[in-house]
Amino acid sequence: MVHPADQHRFPARHRDRTRTGTRWQNPSPLRRPATLRVTFAAIAALVTAACSADPAPTADPTPPAPVSAARLSAALPDDPVRMVLPATGAETRWTQGLDVFVRQEARAVAASCAHDHGTEPPTQDPVTFIRYYELPDLDFVTRHGMSGSAAVPVVTPGPVRTDTGARSGKGSERLIGRGSDDGKEKGRGKRGGAGDAGDTAVVRRCVTEGTAAATALRDTYAALQGQWFGTLVPLRHDPAVLRALRTLPGCLARRGIRVRDENGFFALADARQQTTPADRLPAVERALGSAYADCMRPVEAVREPARLRLRARFLADHAAEVRTLRANLLPALRRAAKAHGLRLVFPAP
């Protein structure tokens, strides 16, 4: 079953690669403003109840020609509003980069703290860019499939402090592929063989420190972003949007995909992901992504202008908060980048 993301986004479907397939996975709860947990829990229940698919076609749709891998971009938007309050699928690339940056700050602070105490940070899966499928980036999906994206720079922990308390060097970044074992931090236990109980307490304290740092950064925009995403929820019931969505099953059927609705499509994608051999999965994902993007374009032709109109009104209604966001967000990101050796980067097709 496709699960909606449990962050402040709408149903963002992200797949975290396993040995022979992938699965839709919720992003970390750390990344969701508390004010929206109840709202999106309700949405999650509705989506779960609505997921349905007819029997899958016997053959996969024809995949498009292979393309080069997604890349990274460091280009910032002309207005940070577009990063925090996305209204188009393409703008969510900036939002994904912001999400990743905050999560990486939490990990970097925790890792730095652990090294200062002569121990290792906890094992964690690689950080990945996670899509916002309520604002689908159809050009990206066409090119890279339902979950393919750029590799996220992984910040490796800096060296442990010397006896004088000074660091002997800085952390560094390297690139890993999605789901690569190289992205998982190796080695556990305190240097010098100290007891496990002490390690556990230190690691908990360091993780708490990292979470606090990320929360402080997120607080520069999370409340406003949460209100914005709440503003978009009524579009689900807009008559023009519903009319456009009714064209989706027929369009997909002409491409060999028989489902009742968008959630049925995601359920089918789940099933394919679990059963497709790993060597064929990229082609299947691109084929499904191409069909989905083609058939969702009439829907986005209705929703995107509506979201842009809503944002213009939202900015006017929250003018003081938007001024604060514009003044504070980028300086806060630059401070965090300098302090922890991070880069603010975004997926690009």
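If you read the sequence from its start, that first residue is 1, and numbering goes on from there. Just so it is clear, the structure is predicted and the values come from calculations on it, not from any experiment.
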| field | Side-chain touch R313/T231, heavy atoms, less than 4.5 angstrom | value | no
| Pair listing, disulfide bond (SG atoms under 2.5 Å apart) test, anchored in residues 233-349, at least two apart | C251-C295
| said: For a 4.5 angstrom cut-off between non-hydrogen side-chain atoms, does V152 reach Q104? | reply: yes
| field | Nearest heavy-atom neighbours spanning G148 and E285 | value | N-OE1, 4.1 Å
Return a table of donor-acceptor pairs under 3.5 angstrom between the side chains of residues 314-322 and protein atoms on other chains or two or more places apart.
| from | atom 1 | to | atom 2 | distance (Å) |
| --- | --- | --- | --- | --- |
| H318 | ND1 | F314 | O | 3.0 |
| H318 | NE2 | Q227 | OE1 | 3.1 |

| said: I'd like to check the salt bridge (Lys or Arg N to Asp or Glu O under 4.0 Å) partners of R311; sequence neighbours left out, ordered by chain and number. | reply: E91
| request: Find the distance between CZ (R307) and CG (L85) and round it off to the nearest 0.5 Å. | output: 13.0 Å
| Under the side chain to side chain contact (heavy atoms under 4.5 Å, CB included) test, residues paired with P249 that sit two or more places apart | none
| field | side-chain contact (heavy atoms from CB on, under 4.5 Å) between E262 and V299, worked out | value | CA-CA 11 Å; E262 186 182 12; V299 180; over 6 Å; no
| request: First locate atom CG of L245, then atom CE of M296, and finally report the distance between them rounded to the nearest 0.5 Å. | output: 5.5 Å
| Separation of Y292 OH from L252 CG (nearest 0.5 Å) | 9.5 Å
| query | For the residue pair A70 and A150, what are the closest heavy atoms and their distance? | reply | CB-N, 3.5 Å
| task | Could you tell me which non-hydrogen atom of P298 sits nearest to which non-hydrogen atom of A244, and how far apart they are? | result | O-CB, 4.0 Å
| field | 4.5 Å side-chain heavy-atom contact, R205 and C113 | value | no
| Between CZ on residue R82 and OG1 on residue T92, distance to nearest 0.5 Å | 11.5 Å
| R143 side chain vs P349 backbone, donor-acceptor pair below 3.5 Å | yes
| field | W94 side chain near P80 side chain, heavy-atom distance below 4.5 Å | value | no
| request: Locate the shortest heavy-atom distance separating T128 from R103; write the atom from each residue and the value. | output: O-NH1, 4.0 Å
| According to the side chain to side chain donor-acceptor pair (under 3.5 Å) rule, which pairs have a member within residues 239-249, sequence neighbours left out? | none
| query | Can you check whether M146's main-chain N or O pairs, donor with acceptor, with R131's side chain at less than 3.5 Å? | reply | yes
| task | Could you check D99 against I130 for side-chain contact (heavy atoms from CB on, under 4.5 Å), going step by step and ending with a plain yes or no? | result | CA-CA 8 Å; D99 292 344; I130 301 177; over 6 Å; no
| remark: Those residues at least two apart in sequence (or on a different chain) that pass side chain to side chain contact (heavy atoms under 4.5 Å, CB included) with A312 are none
| field | Of all pairs that satisfy disulfide bond (SG atoms under 2.5 Å apart), the ones with a partner from residues 300-349, not counting sequence neighbours | value | none
| note | Taken in chain and number order and not counting sequence neighbours, the residues that satisfy side chain to side chain contact (heavy atoms under 4.5 Å, CB included) with D294 are R255, S290, R297
| said: Run W228 and L224 through side-chain contact (heavy atoms from CB on, under 4.5 Å) and show every step you take. | reply: CA-CA 6 Å; W228 167 239; L224 191 64; 6.0 Å; no
| request: Decide yes or no for V81 and L325: does some side-chain heavy atom of the first lie under 4.5 Å from some side-chain heavy atom of the second? | output: yes
| Would you say the side chain of L333 lies within less than 4.5 Å of the side chain of Y221, judging by non-hydrogen atoms? | no
| said: Looking at H340 and V109, would you say the former's side chain and the latter's main chain have a donor-acceptor pair under 3.5 Å? | reply: no
| task | Tell me, please, which residues at least two apart from D219 pass salt bridge (Lys or Arg N to Asp or Glu O under 4.0 Å). | result | none
| T88 backbone acceptor or donor facing E304 side chain under 3.5 Å | no
| Non-hydrogen atoms of T220 and A332 that approach each other most closely | CG2-CB, 4.4 Å
| task | Group every Ile, Leu, Val, Met, Phe, Trp and Tyr by side-chain heavy-atom contacts under 4.5 Å, then state whether F140 and L135 land in the same group. | result | no
| task | Check whether any side-chain heavy atom of F101 lies under 4.5 Å from a side-chain heavy atom of F346, and answer yes or no. | result | no
| request: Test ring pair (Phe, Tyr, Trp, His ring centres under 6.0 Å) on Y133 and F265 and set out the steps. | output: CA-CA 12 Å; Y133 268 93; F265 173 84; 8.8 Å; no
| What's the spacing between E120 CD and C206 SG if we round to 0.5 Å? | 11.5 Å
| said: Quick one: does any side-chain atom of E134 pair with a main-chain N or O of R236 as donor and acceptor, under 3.5 Å? | reply: no
| Short question: side chain of T208, backbone of R204 - any donor-acceptor pair under 3.5 Å? | yes
| field | Spatial distance of atom CE (M83) from atom CG (L98) [nearest 0.5 Å] | value | 5.5 Å
| said: Assess the residue pair R93 and F129 against the criterion (side-chain contact (heavy atoms from CB on, under 4.5 Å)); give the C-alpha distance rounded to whole Å, side-chain angles, the decisive distance to 0.1 Å, and a yes or no. | reply: CA-CA 9 Å; R93 299 171 199 170; F129 295 114; over 6 Å; no
| query | Less than 4.5 Å apart, any side-chain heavy atom of R303 and any of E300? | reply | yes
| Of the non-hydrogen atoms in H117 and V202, which two are nearest, and what is the gap between them? | CB-CG1, 3.6 Å
| Selection residues 327-341 - residue pairs positive for salt bridge (Lys or Arg N to Asp or Glu O under 4.0 Å), sequence neighbours left out | none
| Any residue meeting side chain to side chain contact (heavy atoms under 4.5 Å, CB included) with A348, in chain and number order, not counting sequence neighbours | R71, S73
| message | Applying side chain to side chain donor-acceptor pair (under 3.5 Å), can you list everything that pairs with D238, at least two apart in sequence or on another chain? | response | none
